[in-house]
Amino acid sequence: MRIDATGLKALRMGDSHATQVGDWVVAIGSPFGLDMTVTAGIISAKGRNNNRITARADFLQTDAAINPGNSGGPLINMRGEVIGINTAIATESGGYDGIGFAIPTHIASWVSQKLIANGEVVRGYLGTEIKTVDAETARQFNLKIREGALVRSVLPGSPADK
């Protein structure tokens, strides 16, 4: 949809680091071709690394309905600030199953700065598959703290393998 208008103001970028689990958010997009749809929810988790999407980003997880067509739309906090870019859903039905993911603004800002400066984004590559140390992992390995990462595997031929 093309908008022929002047004097429009851009939304402010918010601090995705300051976002907390339980914060209310709204997702804006055009799911299934339905223009200008707004859904509400909360931040369900931060730092989600969903390998179905990519192994290189820590997503904001939300229960605000994100469906096919919402990708690229803003995830907005209650102060009207963009804190994420709606990206994907976890679904078994092909539609909304209650779990959506948004790229946090701190990552989106970093990527945009790299694209503007260099025309590409270059990231370091170690070559390991890691798992966040959550409560279950801490119990499994008898760890006293629930933070950090567990190296699950080293990819053959990767810098970590060498």
Side-chain angles (χ1 to χ4, degrees), residues 1-91 93-135 145-150:
M1 167 184 275
R2 181 181 172 91
I3 299 173
D4 290 318
T6 58
L8 299 176
K9 294 183 181 181
L11 291 170
R12 290 186 320 268
M13 295 294 276
D15 180 2
S16 55
H17 285 300
T19 301
Q20 296 182 15
V21 172
D23 284 354
W24 282 93
V25 292
V26 295
I28 299 177
S30 299
F32 304 111
L34 302 168
D35 290 340
M36 299 176 280
T37 299
V38 178
T39 60
I42 62 167
I43 295 295
S44 306
K46 291 177 64 175
R48 287 286 193 231
N49 193 339
N50 185 322
N51 288 328
R52 289 188 213 168
I53 304 166
T54 179
R56 293 189 175 171
D58 292 325
F59 293 92
L60 297 172
Q61 179 184 327
T62 182
D63 67 346
I66 296 175
N67 282 294
N70 276 83
S71 296
L75 186 68
I76 301 171
N77 64 20
M78 293 295 101
R79 289 180 298 284
E81 301 165 329
V82 177
I83 57 161
I85 300 170
N86 302 328
T87 303
I89 57 174
T91 180
S93 68
Y96 175 68
D97 285 346
I99 300 176
F101 300 98
I103 297 171
T105 52
H106 72 272
I107 293 175
S109 294
W110 178 83
V111 167
S112 67
Q113 290 168 7
K114 296 297 179 188
L115 288 171
I116 291 166
N118 307 321
E120 65 179 343
V121 177
V122 178
R123 298 178 188 230
Y125 173 66
L126 184 59
T128 59
E129 181 183 358
I130 62 170
K131 179 182 187 324
T132 302
V133 177
D134 56 15
I145 58 172
R146 293 179 12 188
E147 57 186 41
L150 172 70

Given side chain to side chain contact (heavy atoms under 4.5 Å, CB included), test V122 with K114 step by step and report yes or no.
-> CA-CA 8 Å; V122 178; K114 296 297 179 188; over 6 Å; no
Carefully, step by step, assess V111 and R123 under the rule side chain to side chain contact (heavy atoms under 4.5 Å, CB included).
-> CA-CA 10 Å; V111 167; R123 298 178 188 230; 3.7 Å; yes
Where do F59 and I103 land on the side chain to side chain contact (heavy atoms under 4.5 Å, CB included) test, with the steps shown first?
-> CA-CA 5 Å; F59 293 92; I103 297 171; 3.6 Å; yes
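For the side chain to side chain contact (heavy atoms under 4.5 Å, CB included) with L75, the lone residue among T87, T105, I43 that qualifies is I43. Residue P104 is tested with L60, T19, I83, I85 for a side chain to side chain contact (heavy atoms under 4.5 Å, CB included); the sole match is L60.
To the nearest 0.5 Å, atom CZ of residue F101 and atom OG of residue S71 are 12.5 Å apart. The distance from atom CG of D23 to atom CG of N77, rounded to the nearest 0.5 Å, is 7.5 Å. Rounding to the nearest 0.5 Å gives a distance of 9.0 Å between CG of D15 and CZ of R79. Distance check: N86 CG to I66 CD1 gives 4.0 Å after rounding to the nearest 0.5 Å.
The shortest heavy-atom contact between I130 and A149 is CD1-CB, 4.2 Å. Closest heavy-atom contact between A65 and T39: O-OG1, 2.9 Å. When all heavy atoms of V82 and G84 are compared, the pair lying nearest together is CG1-O, 3.5 Å. Shortest non-hydrogen contact noted between S44 and V21 is O-CG1, 3.5 Å.
A distance-only check finds a donor-acceptor pair linking the side chain of K46 to the backbone of H17 [under 3.5 Å]. Here the side chain of S112 pairs a donor or acceptor atom with the backbone of S109 at under 3.5 angstrom. With D63 contributing its side chain and G41 its backbone, the two residues share no donor-acceptor pair below 3.5 Å. The closest donor-acceptor contact from the side chain of T62 to the backbone of G100 lies at 3.5 Å or more, if one exists at all.
The number of heavy atoms from other shown groups lying within 6.0 Å of CH2 (W24) does not exceed 12. Annotation for K131: atom NZ counts as buried by contact number, over 12 foreign heavy atoms lying within 6.0 Å.
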